[in-house]
Amino acid sequence: MNASGFKPALPGISSSKSLGFFSFSGGNQPFDLKPRGVCLIKAAMEETRTLKLDVNGKVGDKLPNGHAGKNHNQLSTIGNSTNIKWHECPVEKIDRQKLLKQKGCVIWITGLSGSGKSTVACALSHMLYQRGNLSYILDGDNIRHGLNRDLSFKTEDRAENIRRVGEVAKLFADAGFICIACLISPYRRDRAECRAMLPSEGFVEVFMDVPLQVCENRDPKGLYKLARAGKIKGILREPQCNRVLLAYLTVKSSNIHLYLTGFTGIDDPYEPPLDAEIVLQCNTGDCSTPCDMAEKVISYLEVSVHDHSTEQIQNPCQKLLSSLQCLENPLRPQYNGGIIVNPELNDGLRGWSTFGDAKTEHRESNGNKYVVAHSRKNPYGSMSQKLYLKKNHLYTFSAWVQVSEGNVQVTAIFKTDSGFKKAGSVFAEPKCWSMLKGGLTVDSSGPAELYFESNNTSVEIWVDSISLQPFTEKEWRSHQDQSIERTRKEKVRIQAIDEQGNPLSNATISIKQNKLRFPFGCAINKNILSNTAYQDWFTSRFGVTAFEDEMKWYSTEATRGQVDYSVPDAMLAFAEQHNIAVRGHNVIWDDPKYQNGWVNSLSPNDFRTAVQARVGSVMTRYRGRLIAWDVVNENMHFSFVESKLGQNASSAIYNWAGKTDGLTTLFLNEYDTIEKSGDGAASPAKYHQKLKEIQSFPGNANLRMGIGLESHFTIPNLPYMRASLDTLASANVPIWLTEVDVQGNPAQQAQYLEQILREAYSYPKIAGIVIWSAWKPQGCYRMCLTDNNFKNLATGDVVDKLLHEWGGSLIGMTDANGFFEASLSHGDYNVKIIRHGVTDISSSTSNLKVAPTVASRTNLIHQCLIEPRRAQYEGGIIANPDFTHGVQGWIVFGQGAVKEGISKNGNRYIVAHSRRQPLDSISQKVQLEKGKLYSFSAWVQINGGRGNVAVVFKMSRGELVRGGKVLAGNGCWSLLKGGVFANTSSRVEILFESKNTEAEIWVDNVSLQPFTMEQWRSHQDESTDKERKGKVRFEVRNANGTAIEGARFSIKQTKSDFPFGCCMNYHIINSTDYQNWFALRFKYTTFTNEMKWYSTEKIQGQENYTVADAMVRFAQQNGISIRGHNIFWDDPVYQPHWVKNLTSEELQKAAAQRIKSVVSRYAGQLIAWDVMNENLHFSFFEDKLGKNASAVYYARAYQLDPDTTMFLNEYNTIEYSSDEKANPFNYKTKLDEILSYPGNQGISAGIGLQGHFGSGQPNLAYMRSCLDILGSTGLPIWLTEVDVGKDPNQAEYLEQVLREGYSHPAVKGIIMFVGPANAGFNSTVLADEDFKNTPAGDVVDKLIDEWKFQTTEIKADGKGSIEIPLFHGDYNITVKDPVSSSLTAFSYKMTKDVTRDTVHLRINA
């Protein structure tokens, strides 16, 4: 059941998923509030807000404790209310929650008029009532009948309307109600302020995403008709800056609109939520019923807060309540008990009787009533209730139980005409209530009797809050589909545009999935090595596998000491060749009948030696190449190793396995845990106990464990399966179905297989599925998918149907604006856009990656267009840039040949073909002028597959300078960007390079545009003004509303929002001068070496953080934020000396200790971690531990410190265009590799670019093009170690680099690797031995001053207003009245998401 025990309209997927605001676990837990500034008036777009200040200049706003001006000991002034005091009462919020058995929260429903807000709110309230929960609706119209009847629909009154409703909703939530507020609430700022009034888990925003046309067609109040007729008037409203994110190729646009504040949706804007918890969509002819929409709200609220390794969106209103928790009082019954009579025992023993030889008694404790079975003489002696069960229904069961003593398993059983059916079990305890959850189906309709069983007849069984809820198969399937939509898919919006950037309406969009992100596979055996038909059938469907027998001990060591891995080696090579992930099955099998003969005869000591050898042999051989290990197979049913080595044998083997391959997930693989409710040996409760037993064994606390459920079914009991998964999900480790098959006739197999796969795929915590259908000529283990000719059987058709349903292909048409929307399963896709309405139909293809929402910020989409766009700057100094004059101006470079090409649309381009060398291509000679920067671009493609194409500048002395690179494809055009700086005036030759000499290089619309340094600087300044500043207009009036002309504003910036800092080293600990010099300038830092492994553990096992700790204390005392640098360094040169000679096993153990030690020590104290430093250039850990070593360490760092951003830190990505290893495209590939590794989807990732520039002029054009490419990922970019080599112009070059970084919108922070001379810095030195500035230091101080608003005084105009651009950051502002000379002070924050702001101030009020 869900932990609340209340009825959702459809069964909850997880018992750890509760309607969180219903559940109550006791304890007065403080709530986390969203931080709010004194004058926080920003939203995603410009808004106007009126603030009333008192005579002391204090803003009447909500304080972080949630009560305006709350002070227990003093009188307060809040807004116009003076001499007020907050009174505490003995009955607090937590007491009300206990009384109501629910937690209060606010469900805020927003949307256009006519979108159905009130209707859905009423449906939702009714469903909550049916569940026994107290709710109240605050309807926008209803509120205006009373509380807000004095308010109009003007902008300021609308804001006040929302504020009042928010305050009332907060009071309802505080009282313990589920408050449903349904208002248009069109402005994000107003909704954000209401959200900020409540604890973070107490506000759920529901967006009614209904198109204006649909709402207007409904027009239930006739308001749209009045608005169109001009009968709803408003006032002029200031323009807003709207930002629209297009999911296709991530296009951003900014447009200015002028709105009239009249009717929302017609002449006044509605700002849709950017991050609503729930979105309810309705399009013409495709609308869910209000009840279905309310169901979706309930369904969302059922989803629990999962651990960070899952892909599930977290519910902000949810407190996780494990199904294994033991509560002081039971929760109310699920579904109000369903068909159970007297489920809460509030009516004595009505409906209940005695079963077996026992006595039953009705008891009451602390007001809670329950039934007790005592004086039991046999296991089944208990209480019972008779019911009538129907065929073709699925029954979910739950009850809360406890026992009088011990820790005892209690089972719920249904006695039916066809036999006894166990519904579920739980280990119960005395003095607290445990939730027993399960389910059943019946073979035929008829009477049944529910009773409880415990083999310990000496204990009393106490039972309360019993529920049995039936669902039709259609209802169950509907819930599966809803869960799949929510957990396995994302909505994607694609826009088709032509070469000029214009939207293409009525274009055909063809979407085909290349790879399903969810691991779905099938077992294989050695037959696949020699059967190409088997290979083709398999590789066209599956992305993951397990070997049926070939990796097992009895297969690889039939004779002791004679190990043969030739077959599994060949099978693994086949899998790797086809990018198929492999689960290792298995290391040890605990079943005595599956041991080699020589193993059975070993003495305990010899057996221990043999097992250790087996673990070391197989796991070392395949370390880093598998995604999982089944370590001790089926050791809940069998105990062969325990009989030899003692009861802790399996736990010890897991310990050995972890030491051998700790980077791979270690599974406990078992059968009948979800298949059969009657198998007590492997029930979910016992499985959970076994898992805990393994994890609690000394040394096993940090093992990467997983739950493996074999899933060998006969007739599936889906309610029991779901209940079992709920119980297991509370362990917070990945769950896989590892060996799925069904026993029975072919028709039954297909039907049941589909049911099982759908149930598993829809369950959020299931991380992968493997079907156990390895093909053999003589037949499969229990279930085949094909015949011997690899034609699908009915089961194979089921698999293909689901693969298509969960991915497959989709075709549609773009709308009038070129958009097409689809809900796509997480995975990789090819998107083909077919353009119509031209002389010849043309098409282009792009790649699309659909990932879970939490990870979708990483957009590694490769842009590829139908036709190339026009040349930038009309080609600049390039002759014949678009090849409209054939090949004029262009010649062949190297060998090969050149020809003209022309597309079906008449577009001309040039083709380099018959190439023999990478540089064989086309070329053009141009004149470069000394001191200028040249920005380059071209559109390229190759005629086969995909490959890198680079632009190369052959300089006058013959040296080759690579100016940029792109990954080009076939059939569409990719933009190649780059640039070069001219150190001398000379004639150079531009050519193209591809190492794939078999490919033709197609080129079009080439551009090379020169810029003087002055022009480049001008662009930097423009970008800085746009990206780092916002405009604000302050309007000041006195108490009667009269503008105060001549008021004087004094504005001082107290903090910059842009992180600009400098590294520090250990010298700062003992140098006051260094400390003062540093703290005066910088609020962000990185330690040069002091956190690195070779500094903290010089001798193995002797960790010393003394220096790093002291530096952290200094930084914290001075308000300086720290980037953690670094956890590991992939360069073999920079390892602790003792690490270099470790074996792989020893390194793995040492590295595990290192990451745990350093990350745990500084968790919550850093803003970033460089996890694996420079692992594009080096591979020390990959060489030792396998190709996934870095990805695994990112996962581990994230587990240890989930709130810190994890960076990939690399050099020469922006500094040096000729470094192939770390170019932007290789960087993106590595980043994608790390983030797509299982378990890494939720990582908050960042791009770290070291920025170690050499001597000489930096290539700013190349640097900018690289930042553009990496900026397309949407991840934060930091320049992490900026310095410039020694050079007479070092200070000038440093300034250029810093300005380029600061002006680029994708750069979110800059740290310099520079410092004072007396701290040992000798490359880029900012201060000499006396801490006097060097020229480079002068540059840094100049930029610090320039990038900070200079304190100034400004006089208000006749309207009492001033308008001024401000850098993003915090400000103290004082307003002086020109008549009274009184001063009013307040704080203000200019945030990054605001381009223009207006603040109305009233002083002397």
Side-chain angles (χ1 to χ4, degrees), residues 247 250 307-313 487-490 492 513-521 542-545 575-576 578-583 624-628 663-665 704 706 734 736 764 766-769 806-807 824-831 846-862 946 967 1171-1172 1175-1176 1179 1181-1182 1185-1199 1202 1205-1208 1210 1224-1248 1269-1270 1272-1275:
T250 316
D307 65 270
H308 291 284
S309 67
T310 70
E311 300 174 1
Q312 180 65 38
I313 300 172
T487 62
R488 306 294 185 196
K489 293 185 175 183
E490 295 293 329
V492 176
Q513 189 182 74
N514 297 324
K515 180 182 179 182
L516 179 68
R517 188 183 186 96
F518 181 85
F520 181 61
F542 302 115
V544 65
T545 192
E576 291 176 336
H578 293 88
N579 295 315
I580 296 169
V582 179
R583 296 189 75 259
R625 300 172 70 185
L626 308 179
I627 61 170
L663 301 184
T664 301
T665 305
R704 293 170 62 94
W736 279 61
I766 294 293
I769 301 172
W806 299 341
L824 299 180
S825 298
H826 304 148
D828 298 342
Y829 292 83
N830 277 341
V831 181
S846 295
N847 298 317
L848 177 67
K849 182 182 293 292
V850 180
T853 301
V854 70
S856 61
R857 293 169 302 166
T858 305
N859 174 20
L860 306 183
I861 295 172
H862 170 64
R946 295 168 65 81
L967 181 64
V1171 179
M1172 182 65 76
N1175 70 326
L1176 280 164
S1179 57
F1181 288 90
E1182 286 78 4
L1185 304 177
K1187 65 179 181 179
N1188 292 321
S1190 291
V1192 169
Y1193 287 131
Y1194 276 86
R1196 181 60 176 149
Y1198 174 63
Q1199 291 170 358
T1205 305
M1206 304 296 167
F1207 278 78
L1208 173 63
E1210 196 48 83
F1225 287 96
N1226 286 345
Y1227 190 110
K1228 288 173 69 175
T1229 300
K1230 186 66 176 180
L1231 189 64
D1232 187 42
E1233 174 188 311
I1234 291 170
L1235 296 183
S1236 61
Y1237 184 79
N1240 285 4
Q1241 288 72 28
I1243 287 179
S1244 175
I1247 294 173
I1269 293 166
L1270 295 172
S1272 69
T1273 65
L1275 294 176

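Because the structure is a prediction, the values reported are computed rather than measured.
- A side-chain donor-acceptor contact under 3.5 Å links Tyr1194 to the backbone of Phe1207.
- For the residue pair Val1192 and Arg704, the shortest heavy atom distance occurs at CG1-NH1, 4.0 Å.
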Trace of the side-chain contact (heavy atoms from CB on, under 4.5 Å) decision for Asn1240 with Tyr1198: CA-CA 8 Å; Asn1240 285 4; Tyr1198 174 63; over 6 Å; no

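- Of the possible donor and acceptor atoms, none in the side chain of Tyr1237 sits under 3.5 Å from a partner among the backbone N and O of Ser1190.
- Closest approach of Pro734 and Thr665 over heavy atoms only: CG-CG2, 4.3 Å.
- Once rounded to the nearest 0.5 Å, the distance linking CG of Leu1270 with CG of Leu1231 reads 8.5 Å.
- For the atom pair Lys1187 NZ and Glu576 CD, the distance stands at 5.5 Å (nearest 0.5 Å).
- Contact record, Gly624 with Asn1188: O-ND2, 3.9 Å, taken as the closest heavy-atom pair.
- Considering every non-hydrogen atom in both Glu1182 and Lys1230, the closest pair reads OE2-NZ, 4.2 Å.
- Between Pro1224 and Ile1269, the shortest heavy-atom contact is CB-CG2, 3.9 Å.
- The CD1 atom of Ile1247 lies 3.5 Å from the OG1 atom of Thr1273; values are rounded to the nearest 0.5 Å.
- Distance alone, capped at 3.5 Å, places no donor-acceptor pair between the Asp828 side chain and the Lys515 backbone.
- In this structure, the side chain of Glu1210 engages the main chain of Asn1175 through a donor-acceptor pair within 3.5 Å.
- Note that the CD1 atom of Ile1234 and the CG atom of Leu1208 stand 5.0 Å from one another [nearest 0.5 Å].
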Tyr1193/Leu1185 under side-chain contact (heavy atoms from CB on, under 4.5 Å): CA gap, chis, key distance, verdict: CA-CA 11 Å; Tyr1193 287 131; Leu1185 304 177; 3.3 Å; yes

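- For Arg583 and Trp736, the positive end sits near the middle of the six-membered ring, less than 6.0 Å away and at most 45° from its axis.
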Tyr1227 vs Leu1176, side-chain contact (heavy atoms from CB on, under 4.5 Å): CA-CA, chis, key distance, verdict: CA-CA 7 Å; Tyr1227 190 110; Leu1176 280 164; 3.8 Å; yes

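- Separating the CG atom in Leu1275 from the CG atom in Leu1235 is a distance of 7.0 Å, to the nearest 0.5 Å.
- Between Leu663 and Ala1189, the shortest heavy-atom distance links the atoms CD1-CA, 4.0 Å.
- Judged by distance alone, the side chain of Gln513 and the main-chain N or O of Gly827 form no donor-acceptor pair under 3.5 Å.
- In this structure, Leu516 CG and Arg488 CZ are separated by 9.5 Å, a value rounded to the nearest 0.5 Å.
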